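Working notes, structure below.
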Amino acid sequence: MARRETEPPEQETLRRWEREQAQLKANVIEEDTEEWQKDSTFAGLERVGGVDLSYVKGNDTVACASLVVLSYPELEVLYEDCQMVTVSAPYLAGYLAFREVPFLVEAAQRLQEREPGLRPQVLLVDGNGVLHHRGFGVACHLGVLTDLPCIGVAKNLLQVDGLAKDEQHKGQIRDLQMGGDVFPLRGTSGRVLGMALRSYNKSTKPIYVSVGHRTCLESAVRLVQSCCRYRIPEPIRQADIRSREYIRTHLSSPLGGTSPGPGRDNIFSTVPGSS
DNA sequence: GCGACAG
DNA sequence: ATCTTGTCGC
């Protein structure tokens, strides 16, 4: 029988992961490196990517990794890749990248082989960038490994460096009047680790944007906001929707069990039309 | 014992 | 992450 639970990591594994994070962290660039980032309208930006993993209920190891590429500024899906994967690392706050990044790197490699012309100019990642225990979240990790500009977008605040969901924080959230309003997340260290963003008018709960790689916080926030039709920026939202739908249609056994039927365990498609 | 815990 | 349907509003 296949393992349905990931093994708890040994202390030695954690130390190794921390060393790896520290090593890769030296390569992070927290500044704009692309021309389009410097333009107030992002002229020259045509493709924005989004990545996400959805998990099969009741099974800690089977998931669907998805990478989508959307046109900008239209936000139409140009490319979609869904791949069933078996994760080996457990979820641990602070070490999310070791659970998800390997499959996202593979997805990026498949894109490069199949449709190099659709390579995204920036990638929105589900999770944090430098807003992290050791300043190296999943968005930084993926950014360094792919050398793509990456932005971290978290749905919940990771409470590091003194940041907390205290009354002060709640008050700042209440003060966000409309879509586009933000407030900085300044840690005890004095450093601004990210921005809380009211992503659109109808949502009261903000999203947390932080630098992943090859971008500054200001342009990262500006780009994320320009990608929001709903609370979650469209590239990540599409990756999420498609990975969940992929699981639903591929493992729809009545009792929630995993029944790998005879079918493709991967799809990728390119949407014709806009070029 | 209590709180924290990106996905 | 996932557990989960209908319901209120535009």
Side-chain angles (χ1 to χ4, degrees), chain A residues 4-6 8-9 14 17-18 21 50-67 82 84-104 107 123-143 150-166 169 179 185 187-188 193-197 199-213 220 224 229-233 235-237 239-248 251-253 255-258:
Chain A
R4 283 174 185 265
E5 298 287 336
T6 50
L14 294 182
W17 283 350
E18 286 162 15
Q21 289 179 327
V51 293
D52 186 45
L53 260 74
S54 290
Y55 294 84
V56 172
K57 59 180 179 181
N59 190 318
D60 199 19
T61 67
V62 180
C64 175
S66 140
L67 185 166
C82 287
M84 292 306 300
V85 300
T86 301
V87 304
S88 53
Y91 168 70
L92 283 180
Y95 306 87
L96 174 64
F98 295 97
R99 180 170 164 84
E100 303 195 338
V101 151
F103 309 107
L104 300 178
L123 213 45
L124 303 192
V125 183
D126 208 335
N128 293 299
V130 301
L131 174 45
H132 179 267
H133 302 74
R134 292 166 294 283
F136 193 73
V138 62
C140 299
H141 204 131
L142 184 60
C150 282
I151 297 172
V153 180
K155 295 179 287 295
N156 294 291
L157 176 65
L158 182 58
Q159 305 182 60
V160 300
D161 192 20
L163 295 174
K165 298 174 185 170
D166 51 20
H169 185 75
L185 300 167
T188 301
L193 300 174
M195 294 278 246
L197 165 68
S199 54
Y200 84 129
N201 283 330
K202 291 188 178 182
S203 174
T204 281
K205 184 175 182 178
I207 57 179
Y208 300 92
V209 179
S210 58
V211 169
H213 188 45
V224 169
R229 286 180 176 163
Y230 302 103
R231 186 169 87 104
I232 304 303
I236 291 178
R237 182 169 167 270
D240 178 56
I241 290 174
R242 286 155 197 264
S243 58
R244 298 169 60 154
E245 175 68 4
Y246 193 78
I247 286 177
R248 193 181 70 73
L251 324 160
S252 55
S253 64
L255 297 180
T258 305

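Below, chains carry the letters A, B, ... as their sequence lines are ordered, and counting in each starts from 1. Here the structure is a predicted model, which means the values were calculated and not measured.
The salt bridge (charged side-chain N to carboxylate O under 4.0 Å, His left out) search around Arg231(A) returns none, not counting sequence neighbours. Evaluation of the side-chain hydrogen bond (donor to acceptor under 3.5 Å, both in side chains) rule for Ser243(A) yields Ser54(A) as partners, not counting sequence neighbours. By the ring-ring contact (aromatic ring centres under 6.0 Å, His included) test, Phe136(A) is found to be paired with His141(A), residues two or more places apart in sequence or in another chain being considered. In terms of the ring-ring contact (aromatic ring centres under 6.0 Å, His included) criterion, His132(A) has no residue partners (sequence neighbours excluded). Not counting sequence neighbours, the partners of Asp240(A) by the salt bridge (charged side-chain N to carboxylate O under 4.0 Å, His left out) test are Arg244(A). Under the rule for a side chain to side chain contact (heavy atoms under 4.5 Å, CB included), the partners of Asn156(A) that lie at least two apart in sequence or sit in another chain are Lys205(A). A search for side-chain hydrogen bond (donor to acceptor under 3.5 Å, both in side chains) contacts involving Arg134(A) returns Gln21(A), not counting sequence neighbours.
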**Complete:** Each base of DNA chain C marked ( ) or [ ] if paired in-strand (Watson-Crick or G-U under 3.5 Å), | if paired to another strand and . if unpaired gives ..........
**Complete:** The dot-bracket string of DNA chain B, counting Watson-Crick and G-U wobble pairs with both distances under 3.5 Å, using [ ] for crossing pairs and | for pairs to another strand, is .......
**Prompt:** How does protein contact run along nucleotides 1-7 of chain B, one letter per nucleotide 5' to 3', with B for base contact, S for sugar-phosphate only, - for none, heavy atoms under 4.0 Å?
**Reply:** ---SSBB
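Below 30°, between 30° and 60°, or above 60°: for His169(A) and Tyr208(A) the angle between ring planes is below 30°, a parallel geometry.
Using a 4.5 Å heavy-atom threshold, the side chains of Leu104(A) and Leu67(A) count as separate.
Pairs passing the salt bridge (charged side-chain N to carboxylate O under 4.0 Å, His left out) check and including a residue from residues 150-162 of chain A, sequence neighbours excluded, read Asp126(A)-Lys155(A).
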N/O to N/O distances under 3.5 Å, protein versus nucleotides 8-10 of chain C:
none

